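To start, the structure under review is shown below, and the notes come after it.
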There are 2 protein chains.
Amino acid sequence: MDSHSPSSRGGPDRLARLAAERVVIEDVWPEIDGGRHPVKRVVGDVLEVWADIFCDGHEGLAASVCYREARGRKWREAPMESVDNDRWRGSFTVDRNTRYVYTIEAWRDRFATWREDFLKKREAGQDLVLELVEGRELVRDAASRAPRAFGVMVEKLDSAADNAQLEALLLGAGLLERMRHDGPRSNATRYRHELEVIVDRPRARFSAWYEMFPRSAANDANRHGTFDDVIARLPYVRELGFDVLYLPPIHPIGATHRKGRNNALEAAPDDPGSPWAIGSAEGGHTAIHPQLGTPDDFRRLVAAAAEHGIEIALDFAIQCSRDHPWIKEHPEWFDWRPDGTIKYAENPPKKYEDIVNVHFYRDALPSLWLALRDVVRFWIDQGVRIFRVDNPHTKPVPFWEWLIPEIQDRDPGVIFLAEAFTRPKMMRKLAKAGFTQSYTYFTWRNTKAELTEYLTELTQDAPKEYMRPNFFVNTPDINPPLLQTGGRAAFQTRAALAATLSSAWGIYSGFELCESAPIPGREEYIDSEKYQLKVRDFDAPGNIRDFIARLNRARNENPALHGLTNLRFHPAHDDHILFYGKTTADGSNTVWIAVNLDPHHAHEADIELPLYTLGLDDHASVEVEDLLEDHRFRWHTKWQRLRLDPAVNPCAIWRVRRST
Amino acid sequence: MDSHSPSSRGGPDRLARLAAERVVIEDVWPEIDGGRHPVKRVVGDVLEVWADIFCDGHEGLAASVCYREARGRKWREAPMESVDNDRWRGSFTVDRNTRYVYTIEAWRDRFATWREDFLKKREAGQDLVLELVEGRELVRDAASRAPRAFGVMVEKLDSAADNAQLEALLLGAGLLERMRHDGPRSNATRYRHELEVIVDRPRARFSAWYEMFPRSAANDANRHGTFDDVIARLPYVRELGFDVLYLPPIHPIGATHRKGRNNALEAAPDDPGSPWAIGSAEGGHTAIHPQLGTPDDFRRLVAAAAEHGIEIALDFAIQCSRDHPWIKEHPEWFDWRPDGTIKYAENPPKKYEDIVNVHFYRDALPSLWLALRDVVRFWIDQGVRIFRVDNPHTKPVPFWEWLIPEIQDRDPGVIFLAEAFTRPKMMRKLAKAGFTQSYTYFTWRNTKAELTEYLTELTQDAPKEYMRPNFFVNTPDINPPLLQTGGRAAFQTRAALAATLSSAWGIYSGFELCESAPIPGREEYIDSEKYQLKVRDFDAPGNIRDFIARLNRARNENPALHGLTNLRFHPAHDDHILFYGKTTADGSNTVWIAVNLDPHHAHEADIELPLYTLGLDDHASVEVEDLLEDHRFRWHTKWQRLRLDPAVNPCAIWRVRRST
């Protein structure tokens, strides 16, 4: 039970505690679940803070946003201003990659009130001799507390030749400002909660991910890929424009109950097994699968990637194969059955006999928690700062809420991507608990209505404060029906949507080649790379490598596309055509996007250009640069007609400027 | 700063604290401002509590609403049930006039999970020998903690002849229920906040108020009324159907700067002054104006009113006349000017020289707060349990937040009505701070759009949990323009709206006589009773006494009209006709109301009867009883046409029943 509970009443304490809060400060935004969870920003953002602030009586108020770095002690202040109807706003820039704490202080501004009343009475011709004395008293009181700020002014007031001079001194604009900043704060009230904002590095919001299995990097069915093979693929990844290279688990793979090709219960002798079945006699979560290379090889990969402007992201998957060393070293972390066998994973009646799960409580608390933290720290020490977390929703939420600040307090640049595909409230809770980015329902949102509703939720509603989507168009587990049936145009439009609707997006290797052969009737790939090496023809006809490279170039070159909450949908009078745009806060960069969501047929629509977002009227002209086709033209007036043909141009991305 | 702040991190404590909350409990409703303020109910209500409850993994959950009287220690529990999409609901009846505390506990129900998994595996034909042993272990574990609940069952399980018998015992429905209630609660998580509900007596929600100046009770311009004259008027008030009789201040009235008739700056020698200029040499807030009578007379009035089923409500107005004894006794409660004079009330450039305000801080804290509490307690000791508080928004909010529980903890039946007409957020804050009822903007809401929007806010949005409107149709300060120009029909419709839209309503004496003579161009009455005695002809032609009596009878006889949040608007296809209804929670009583908002012209509208609220289809029939006209009829089908003529029937109130 917390100290705010209305039931914790008790005599004089209660009176004093309540009396200390004369100015009402409430409905603070952003504030998640009463301050229970932090909001998120990236370095350089301006954090706007809003609140209802009011008080009894007619006296004027003043208010500040108070903020400090969470690990520091020094508070800074940013003034708030009254907006309308008792709503106030203030802001400050978060300029360091760390956590900040913020709250609000508000007080009755007696000098400003005195001044305003004085002016009204003067206007009404009233006698003001006593008011002048009262005004001087307020400044004297301020000087008694802050002699350096007000001592000189008091001397001037005391030596005023007459009331006219006294009045002139007291009404000087400089004094009003100085009294507001440095004068006494009457009934200063501090908001009850200190709120937190996680300030990440910019890549937390803006990044383009490429997922590949390093064991396939040799592109040879008979040779297991190595980290050196991955290094050789880095120019390819960079050419596509991606800046994060995400590798599924690189640890030794268990042999017991190893899965064969296409998830077969029995593996053939040369089947490599699923990399998510972590651990063998060769080691567990801090070991490297010997066929991939050595720790030195891995560190070389990290360094080589950095030279290409690419970061390596690792998979953090907590489950174990039945050969994981922890099972012997820490039997207390696992569940055992009455016959002495280990309890494997199951979702009755389904059994996952190649996997065992740790539990997080009883004898595993806190030893397992600390061990897992140390696993993450181990890879940070190898140069990794991005972790894609496998199935976080099957691990206790408190574990993440503990782990992520535990890591970021030491290494604030570390990014955690939550791979949760589960019910909406758990998705949001993981983001609140601290995940930097989140997988989403994007692959199952296809129609204009679905996309508009879902993106409005992600970019305009409460989740925008704490949840950052990463729009993967496919994953080794998700081969979406639309891609199975939509052909090349579907791959283009889904990539364009992901890359422009969300500020973070990603593809799993093969997408650029329009791979989509499924296990019939399912969303799974046939011959899934999860269970075997894969060989691909990266120059196969019909690939969309150039299209993806252009998408990523458009993203990199247009700051508007680095934002998430700046997404706005605009009218297109056809249900297959989605039209939207993004503009930077300073208005210097605007991008509009139109996508034909039907990969099979051309569609036309009347669209209304949002000229107002450029400060233009409906009849103005704009200069347009087509970022996919490299040509320029001009639009006159806001009413335009648009045709998008999946065989030719399934989508368009325009950079727009006012005509000069 | 509170203990929940995300910034208060610290090593092992933080891990243990977070780990204790494995089950997520969030988005609890009702919860006002993160538990900062209580919600309100009346005795006999069922309080529904909702929350999002979920956890990692696939195990089943169970949850309870935990509640206790705020002053007690014994927790009780009511089970919650899953509704949909991780949303849970539970409820309990608040059966005492006191404050309750409630919160939520949720846990992983391992036995229910075991049972469900067992059934799925049995369905799939899997071997279940180990599962039976595991199930028995769960019961044994329960028995080790609660031998009385599970000892016998363990004996049965241990002596089971074979696995079939063991299985039958473990799957018995009774065991599932008992394990849920009395078994161990795995990862039991308590919601972080303890929330409070104020449970008032029913009159807090359902009451009809009549305001009169006791000094006019003689109805003689030359004789000051007395409490005995008020006693003589009680049958009149009762005949109108009111159950609260509210008296403006009954204390001695100051002489210095006393206001004359029509707010004149100079009073004539025989002018009685405003009763809100409280205090003279004859006493202050605990004294009685001598011309009204003695303390004994007052107590006789309270007793006589009670015999008529009427409660006396007093005015609690904190300001003082310049002759109030406190000014000498407690100069530290007042503001003084540099020349030694007392600072009178002002709203620059306006001056209110007959009134001085106490301040609540500096030397007045806490002595003034305690003195004011004792004023309220004094009148409680005289038998008063309802206080209409004058201008609470000009006194510090913390004072009310302290005072009201301070009073109600000792006298839970005390009702405070906030007479605040100010900006919306302060109106709401006073209700959150504890006021039992609130004056509203009702007198300024006249059109169908205004009434629909405002009543939807009051009865369906967040304020419904903590703010109870009292719809006064007029006050000594508010003579609404519509009444000045609308004639008798306007008085009828405004009374009908107030009495049926809100569960609490009131009139100020003279309304029943359609009094409305204003100071020209203003919302003030001419010859206001605030400054002089008033004589009225209570039998004047055109009065609406019978109409008001019928309204109050309809209210008293129909429990649907005792509710506030059960208000629903229904379609009437004319902008002048407002059609709405209320039904009791059990469906046993339904009232529909139609009002012609235009007092000058008849209007007709197609209306759609909400037959669905009675569980009927669109073509059904209902029995209708006109509660204003005393006749009965039957409606067939939901489509009806209605005509309301202000000269004949400006409104209608129907009790509706299913045809039998």
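All values derive from a computational prediction rather than experimental measurement.
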Measure H393(B) against the heavy atoms of chain A and call it side chain, backbone, both or neither at under 4.5 Å.
backbone

Proximal component of D33(B), with respect to chain A [non-hydrogen, under 4.5 Å]:
side chain

Roughly how far apart are W400(B) CH2 and L18(A) CG, rounded to 0.5 Å?
14.0 Å

What residue in N347(B), N187(B), D27(B), T422(B) has the most heavy-atom pairs under 4.5 Å with chain A?
N187(B)

Segment of E401(B) engaging chain A (4.5 angstrom heavy-atom cut-off):
both

For K425(A), which of D52(B), D84(B), D86(B) qualifies under salt bridge (charged side-chain N to carboxylate O under 4.0 Å, His left out)?
D52(B)

Is it the case that over 12 heavy atoms from other parts of the model lie below 6.0 angstrom from the CZ atom of R110(B)?
no

Looking at R337(A), is its backbone amide N or carbonyl O close enough to the side chain of E134(B) to form a donor-acceptor pair, meaning the two atoms are under 3.5 Å apart?
no

Relative to chain B, which of R87(A), H58(A), Q126(A), E116(A) shows the most heavy atom pairs under 4.5 Å?
Q126(A)

L15(B) and L365(A) have their tightest heavy-atom pair at CD2-CD1, 3.6 Å

So, the part of E137(B) with a heavy atom under 4.5 Å from chain A: the answer is neither

Look at L119(A), V28(A), D339(A), T341(A) and state which one has the largest set of heavy-atom pairs under 4.5 Å with chain B.
D339(A)

pair F360(A)-R22(B): side-chain heavy atoms closer than 4.5 Å
no

Answer key: most heavy-atom pairs under 4.5 Å with chain A among P392(B), P396(B), A124(B), A20(B) is P396(B)

Validation row: R14(A), P405(B) side chains within 4.5 angstrom (heavy atoms)
yes

Hey, which of R428(B), R36(B), K429(B) is the one that makes salt bridge (charged side-chain N to carboxylate O under 4.0 Å, His left out) with E26(A)?
K429(B)

Could you tell me whether the side chain of E123(A) reaches within less than 4.5 Å of the side chain of P349(B), counting heavy atoms only?
no

Hey, which of V24(B), L403(B), V129(B), V397(B) has the most heavy atom pairs under 4.5 Å with chain A?
V24(B)

Please determine, among D117(A), V133(A), L130(A), the option with the most heavy-atom pairs under 4.5 Å with chain B.
L130(A)

Pick from M426(A), R190(A), E21(A): which one has the most heavy-atom pairs with chain B under 4.5 Å?
M426(A)

Which pair of heavy atoms, one from F54(B) and one from R423(A), lies closest together, and at what distance?
CB-NH2, 4.1 Å

Who among C55(B), G57(B), P348(B) has the most heavy-atom pairs with chain A under 4.5 Å?
P348(B)

Are any side-chain N or O atoms of Y361(A) and backbone N or O atoms of S186(B), one a donor and one an acceptor, separated by less than 3.5 Å?
no

